[in-house]
Amino acid sequence: MPIRVLSQEVAAKIAAGEVVERPASVVKELVENAIDAGATYVHIEVRQGGRRLIRVADDGCGIPSAEVELAFARHATSKLQSIEDLTHIATLGFRGEALASIAAVSHVTLLTRARDQEAGVRLRVEGSRVVRHEQVGHPGGTTISVENLFYNVPARLKFLRQDATERRHIDRLVSRYAMAYPHLRFSLENDGRLAFRSPGSGSLYDVLIEVYGLEAAQSMIELAGPGDADERGIRISGYVSQPSAHRANRDQISLFVNGRWVQDRGLTFAVEQAYHTLLPANRHPLAVLQIWLPPEALDVNVHPTKSEVKFQRRDAVFRAVQRSAREALIAQAPIPEANSSSLTWDGGGWRSRHDMLVGAGATQAAMELGRPPGAQGTQPWLLGAGPQSVERLPPLRVLGQLGQTYIIAEGPEGMYLVDQHAAHERVLYEKLVSSQANADVPVQVLLEPLTVELTLTQTEELGTWLAPLHRLGFEVEPFGGNTVLVRSVPVILARTDIRQALVSILDELAAEEEPLADEVDALLAAAACKRGAVKAGQTLSLEEMQALIAALEGSTMPRTCPHGRPTMVLLSQAWMEREFGRR
Ligand code: ADP
Ligand code: MG
């Protein structure tokens, strides 16, 4: 093909792709414009995960009628004139690309009135073309409606996820901006239902209550800031979670640099570093951090979505984040009890512990056995299992426990170190998957229903997983807002902190990218077993270890946990002989 200059229309669509990746990107740009316009409230309305409609209304300065069409031109902005302005930019926008990009791939209606003007304007733009421009009455501020996103970009449309997934991205985004701007009132309406609201009181703590729920917010630790800037002009304020309230993924670490939400692996890592040795493996804290530094120490013009920044002194920012989080943690976190018995076991004697270990906890008198109504038989699908192979273990003789974490056992080939948590996960998992398939998961009905406060995201997550959760033995019903009532749980979770278990299962599911229908039950079972299994750090008696090893010997795939990690390592006779120079 000869070289040709692309038509304006094609070029516009390609450029739009950099800014508008999914509905949440549209929400982000429109919300940033509202904030830049000095709004005190921002109302966001979303239909069908944003693919049908995204509407953002603000009470900001509005756009003068003479400029409304210009606002949709590429590289048209009121926020920047010269390239020098970039070094001290105080607004979220500056590239003049968002409205042009959005209008290239959707149907946009703009309704606006500038504060000092009599009449407002309504402008309709369809795929970059202005199709209507009229005077209308309007109370002031700006409302932009974006309909039929990607109607003319089939490739993008194909990549959109389920409505629920797109909605989740939007939920998170809106909560983040609400946290970054606590003095603004945000509200989010999903398919006609008010999903989120922030009071606009100016207090970040008030927003945290809305985002994470009262309990989680109360447990968070405020950083010493917003005190003075350090010698480099870096100032950090915000909240971090106590080490006891951790999550399955890093999604709940939100970072804002000069009021801009940024995604930065390095800084996220700095936050995690502050928790060094305080969190269990593979668990992550919650954190909301505002980082302020002189605008000239920052380059915000890194990417069209503006969600990355470059720091002049990256290491200094990194250290400041780590230090302030660590100081807050050390100053305020309660010292964990040396011998924490809060985990899986709460008394109950050897008999019940033995039952727990072999996954037969249902025999206890206090438990009512039930079958989740409507449960259907599904194919057991073993996580991480290739073709189902039976690879039985040789008989093992338990010798003892190492570091309250590993079981030492002897077998015909040598010495085995068995990870007690991974092994127990495997045992519970196989039992659970087969009882899911037979729809006879042992269920613990709670004597008193438990109310659990969820976050908006977790509520969304619960909505999409209700049926499989039910098959697993969770009976959960809405209790107004983001609070739910738990009536029953799978028996394997009966002795854990049920709130924490439900919340972390939901968080873990949130990290999944839409699993196939036939994986769902297995995924859930694996998530539940992770919570229900005996932890590292728990002392086990010889009988308990023997029971666990016997149950493991009976498993179909005893050598890996449901997540694919090994349950045991073998120190073979041959290896020992070599090491001791016997050969
Ligand atoms: P940028 O935000 O980078 O300037 P945009 O394409 O997002 O570029 O917006 C173009 C211009 O339209 C802005 O510079 C601003 O002047 C105007 N504008 C957009 N949204 C609003 C709004 N909600 N209120 C007032 N003015 C707005
Ligand atoms: Mg903008």
Side-chain angles (χ1 to χ4, degrees), residues 12-13 15-21 24-45 54-83 85-86 88-106 108-117 119-125 127-128 130 133 136 138-146 149 173-174 177 180-181 184-187 258-262 295 299-309:
K13 281 189 198 170
E18 292 198 321
V19 180
V20 188
E21 189 199 339
S25 343
V26 173
V27 177
K28 173 175 187 292
E29 295 299 334
L30 298 182
V31 166
E32 289 190 350
N33 281 348
I35 295 169
D36 284 345
T40 66
Y41 90 84
V42 185
H43 179 70
I44 301 121
E45 195 183 327
I54 296 165
R55 176 177 293 146
V56 175
D58 67 54
D59 62 348
C61 63
I63 307 176
S65 58
E67 296 177 7
V68 285
E69 292 199 21
L70 196 55
F72 285 89
R74 188 159 296 279
H75 311 304
T77 178
S78 58
K79 302 169 191 176
L80 178 106
Q81 266 184 334
S82 70
I83 194 70
D85 293 347
L86 253 187
H88 49 84
I89 199 85
T91 49
L92 295 169
F94 55 84
R95 298 175 60 105
E97 282 183 321
L99 291 188
S101 298
I102 295 166
V105 294
S106 68
V108 177
T109 310
L110 165 75
L111 201 59
T112 188
R113 182 169 70 84
R115 278 192 192 126
D116 53 353
Q117 294 193 326
V121 180
R122 191 208 317 265
L123 189 74
R124 171 86 174 171
V125 188
S128 301
V130 175
H133 184 159
V136 290
H138 190 262
T142 303
T143 300
I144 298 187
S145 309
V146 177
L149 184 63
L173 188 102
V174 173
Y177 277 87
Y181 293 88
L184 304 192
R185 269 185 302 135
F186 284 86
S187 50
N258 289 2
R260 188 184 300 279
W261 171 53
V262 299
D299 184 358
V300 291
N301 186 28
V302 179
H303 191 265
T305 62
K306 300 161 285 165
S307 59
E308 283 169 44
V309 291

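Numbering of ligands and ligand atoms starts at 1, following listing order.
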So do [Y] and [X] actually touch side chain to side chain, heavy atoms under 4.5 Å?
{"X": "Arg95", "Y": "His75", "answer": "no"}
{"X": "Thr91", "Y": "Thr77", "answer": "no"}
{"X": "Lys79", "Y": "Asn33", "answer": "yes"}
{"X": "Arg55", "Y": "Thr143", "answer": "yes"}
{"X": "Val125", "Y": "Leu110", "answer": "no"}

Short side-chain to backbone donor-acceptor contact, Asp36 and Leu92, under 3.5 Å: yes

Give the minimum heavy-atom separation between [X] and [Y], together with the two atoms involved.
{"X": "Asp58", "Y": "Ala39", "value": "CB-CB, 3.7 Å"}
{"X": "Gly60", "Y": "Arg115", "value": "C-NH2, 3.4 Å"}
{"X": "Lys28", "Y": "Ser307", "value": "CE-CB, 4.5 Å"}
{"X": "Ser101", "Y": "Val19", "value": "OG-CG2, 3.6 Å"}
{"X": "Phe72", "Y": "Leu99", "value": "CD2-O, 3.7 Å"}
{"X": "Phe186", "Y": "Tyr181", "value": "CE1-O, 3.9 Å"}

Distance from [atom] to nearest protein heavy atom, with residue and atom:
{"atom": "atom 18 (N) of ligand 1", "result": "Ile63 CD1, 3.6 Å"}
{"atom": "atom 23 (N) of ligand 1", "result": "Asp58 OD2, 2.9 Å"}
{"atom": "atom 12 (O) of ligand 1", "result": "Ala71 CB, 3.6 Å"}
{"atom": "atom 19 (C) of ligand 1", "result": "Asn33 ND2, 3.5 Å"}
{"atom": "atom 15 (C) of ligand 1", "result": "Ser78 OG, 3.5 Å"}
{"atom": "atom 10 (C) of ligand 1", "result": "Ala76 O, 3.5 Å"}
{"atom": "atom 4 (O) of ligand 1", "result": "Thr77 OG1, 2.5 Å"}
{"atom": "atom 6 (O) of ligand 1", "result": "Leu99 N, 2.9 Å"}

Give yes if a backbone or side-chain nitrogen or oxygen of [X] is under 3.5 Å from a nitrogen or oxygen of ligand 1, and no if not.
{"X": "Gly96", "answer": "yes"}
{"X": "Lys79", "answer": "yes"}
{"X": "Phe94", "answer": "yes"}

Enumerate the protein N/O/S atoms at a distance below 2.8 Å from the Mg ion (ligand 2), ignoring waters.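 Within the sphere that stays under 2.8 Å of the Mg ion (ligand 2), the protein atoms of type N, O or S are Asn33 OD1.
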
Can you sort out which atoms of ligand 1 are near Gly93, meaning under 4.0 Å from one of its heavy atoms?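 Counting from 1, the qualifying ligand atoms are 2 (O), 3 (O).
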
Given Val20 and Glu29, is the side-chain contact (heavy atoms from CB on, under 4.5 Å) satisfied, shown in steps? CA-CA 9 Å; Val20 188; Glu29 295 299 334; 5.9 Å; no

Per-residue contact class, [X] against ligand 1 - non-hydrogen pairs under 4.0 Å:
{"X": "Thr142", "result": "side chain"}
{"X": "Ala39", "result": "neither"}
{"X": "Leu30", "result": "neither"}
{"X": "Phe72", "result": "neither"}

Is the closest heavy atom of Gly60 to ligand 1 under 4.0 Å?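 It does not; every heavy atom stays at 4.0 Å or beyond.
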
Start with the C-alpha gap between Val121 and His133, add the side-chain angles, then the distance that decides, and say whether side-chain contact (heavy atoms from CB on, under 4.5 Å) holds. CA-CA 7 Å; Val121 180; His133 184 159; 3.4 Å; yes

